[in-house]
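Only heavy atoms go into these numbers, but all of them, side chains included; no hydrogens, no water, no symmetry mates.
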Amino acid sequence: MSQRRVASGQRAFEVLGISEAEEQVYRQLLAHSAATRTDIARAAQIPASTAQRLLDSIQLKGLATYSPSHPRRYLAAVPDMAIEALIRRQQECLQRARLAAQEMQEQIARTRDRRAPEQVVELIESDAAESLVYEQFQRGAQEEIITLMRPPVSSLEPPYECTAQAEARARGVVLRSIVDADFLALPGAVERLRSDTEAGTQVRSVAHLPFKMVLVDRRAAIIPLDLHQASGKVMLLRSSALLDALRALFEMLWAKSSPMAFAPGGELAVRAHEMVVPAALQDLIALMCAGMNDKAIAVELKMSARTFERRVVSLMKALGARTRFQAGWAAALRSVAQGVDRERLDLACVARRIK
């Protein structure tokens, strides 16, 4: 008989301390009312001694009772009541563990030498320790997980990440990621981002990221120190002014980045958003999207060719673009979002005119 499993691959009752063999005997007992150990052994195709051991075990867990007659006849407890009792018992154990952890933290606070500064930065030197910390980040997050992703990467999908992120989303954790152009060029990166966005992660892109980072709940962050190797030493940073500054940097990058989406066929697309563009460049965007060439735009705006070039460079910086083609594309998307007449917006013309 197949056993129901949760997203992590565990059986549903495994967390309650019910083994697969115990669950099988309990299910057989539900199907055979007032069964003896011989009945259960025959139905489950196991030795009678094994059946007796498993019946005794589930009886101690409250899943079964037996009659005083000889031989004993076992009756299965009603599942919703029996399982609910085990769940409540487990919750009580978890609550005691949580209180014990809080007491430990309070004890540390009482015994710490206040003359010594708190250890804000810790160096992690092994891949195993890094993986453990990262998984703890995912599973312990309560509010947000924000990520900067750029090459090099050892794997686009660590084995635990999908489950841990799904559990985080179920708790209401907000996931946001910023990737750069080099990350998008990695084999499999687009597919990975498609899966992330479909699952609920907000993803944006920029031309270049200076480093990689994972920051959780304004409490801690991990930052790889080697920008040329996928593995190596990692800095663990805890709550501090430096951590606050890194989160502020993320928000600035987020405001200037381009939201990513995927077309119904799975193709990568970029959505327009409220880009922060100086008012002096608004007319330049409108004329670019109208398909006017460089000279005509300069004449219309009453500026020299050199001034026009400076304005284009400023626009590229405002849009986070590395090339004039990318700036034209971002400007066109922005104009579409603001309601520019689509019949006048020829993207091919825009790209050709600003190259």
Side-chain angles (χ1 to χ4, degrees), residues 1-104 126-141 154-155 157-171 173 195 199:
M1 183 179 297
S2 62
Q3 310 297 325
R4 179 171 297 180
R5 295 181 180 271
V6 296
S8 63
Q10 286 184 321
R11 292 179 303 101
F13 295 148
E14 187 174 351
V15 71
L16 299 177
I18 301 173
S19 70
E20 188 168 0
E22 290 171 340
E23 181 179 345
Q24 182 184 19
V25 167
Y26 179 53
R27 289 178 181 273
Q28 292 294 343
L29 202 56
L30 287 169
H32 300 83
S33 178
T36 65
R37 75 167 187 173
T38 302
D39 297 330
I40 295 301
R42 185 183 302 112
Q45 298 181 349
I46 56 178
S49 59
T50 302
Q52 185 63 62
R53 177 176 57 80
L54 293 172
L55 285 167
D56 291 343
S57 180
I58 65 174
Q59 185 266 327
L60 290 174
K61 293 176 180 177
L63 298 176
T65 58
Y66 59 85
S67 69
S69 61
H70 183 77
R72 288 180 179 177
R73 292 191 174 273
Y74 289 84
L75 298 171
V78 179
D80 56 354
M81 296 181 62
I83 298 302
E84 181 63 27
L86 288 175
I87 291 174
R88 289 184 179 276
R89 189 182 307 167
Q90 186 82 339
Q91 289 174 335
E92 291 172 0
C93 292
L94 292 173
Q95 181 62 22
R96 286 197 296 270
R98 182 179 290 112
L99 292 174
Q102 291 175 355
E103 291 175 359
M104 289 179 182
S126 72
D127 293 343
E130 178 189 353
S131 297
L132 178 60
V133 171
Y134 185 62
E135 184 172 8
Q136 290 173 343
F137 273 20
Q138 299 280 342
R139 298 193 185 281
S154 57
S155 172
E157 193 150 12
Y160 52 80
E161 185 170 11
C162 289
T163 298
Q165 288 191 356
E167 293 172 353
R169 293 187 191 96
R171 296 193 302 271
V173 176
S195 298

For [X] and [Y], indicate whether the former's side chain and the latter's backbone hold a donor-acceptor pair under 3.5 Å.
{"X": "Lys61", "Y": "Gly17", "value": "yes"}
{"X": "Gln138", "Y": "Glu135", "value": "no"}
{"X": "Arg42", "Y": "Arg37", "value": "no"}

To the nearest 0.5 Å, what is the distance between [atom1] ([X]) and [atom2] ([Y])?
{"X": "Leu29", "Y": "Leu75", "atom1": "CG", "atom2": "CG", "result": "7.0 Å"}
{"X": "Leu63", "Y": "Leu30", "atom1": "CG", "atom2": "CG", "result": "9.0 Å"}
{"X": "Tyr134", "Y": "Arg139", "atom1": "OH", "atom2": "CZ", "result": "11.5 Å"}
{"X": "Tyr74", "Y": "Gln52", "atom1": "OH", "atom2": "CD", "result": "4.0 Å"}
{"X": "Glu22", "Y": "Asp56", "atom1": "CD", "atom2": "CG", "result": "10.5 Å"}
{"X": "Asp39", "Y": "Gln28", "atom1": "CG", "atom2": "CD", "result": "10.5 Å"}

Give the minimum heavy-atom separation between [X] and [Y], together with the two atoms involved.
{"X": "Val173", "Y": "Ala141", "answer": "CG2-O, 3.4 Å"}
{"X": "Pro79", "Y": "Tyr26", "answer": "CA-OH, 3.3 Å"}
{"X": "Gly62", "Y": "Ala82", "answer": "O-CB, 3.7 Å"}

Is there a side-chain contact between [X] and [Y] in this structure, where contact means two heavy atoms from C-beta onward sitting under 4.5 Å apart?
{"X": "Gln59", "Y": "Tyr66", "value": "yes"}
{"X": "Val15", "Y": "Gln90", "value": "yes"}
{"X": "Leu54", "Y": "Ile40", "value": "no"}
{"X": "Thr50", "Y": "Val25", "value": "no"}

*Residue pair Ile58, Ile18: steps toward the side chain to side chain contact (heavy atoms under 4.5 Å, CB included) verdict*: CA-CA 8 Å; Ile58 65 174; Ile18 301 173; 5.7 Å; no

_Could you check whether atom CD of Gln45 has more than 12 heavy atoms from other residues, nucleotides or ligands sitting under 6.0 Å from it?_
no

*Applying side chain to side chain contact (heavy atoms under 4.5 Å, CB included), name anything that partners Pro71, two or more places apart in sequence or on another chain.*
Thr36

*State which residues pass salt bridge (charged side-chain N to carboxylate O under 4.0 Å, His left out) with Arg53; sequence neighbours excluded, sorted by chain then number.*
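If we apply the salt bridge (charged side-chain N to carboxylate O under 4.0 Å, His left out) test to Arg53, skipping adjacent residues, there are no hits.
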
*Restricting to pairs with a member in residues 85-99, which pass salt bridge (charged side-chain N to carboxylate O under 4.0 Å, His left out), not counting sequence neighbours?*
Glu84-Arg88

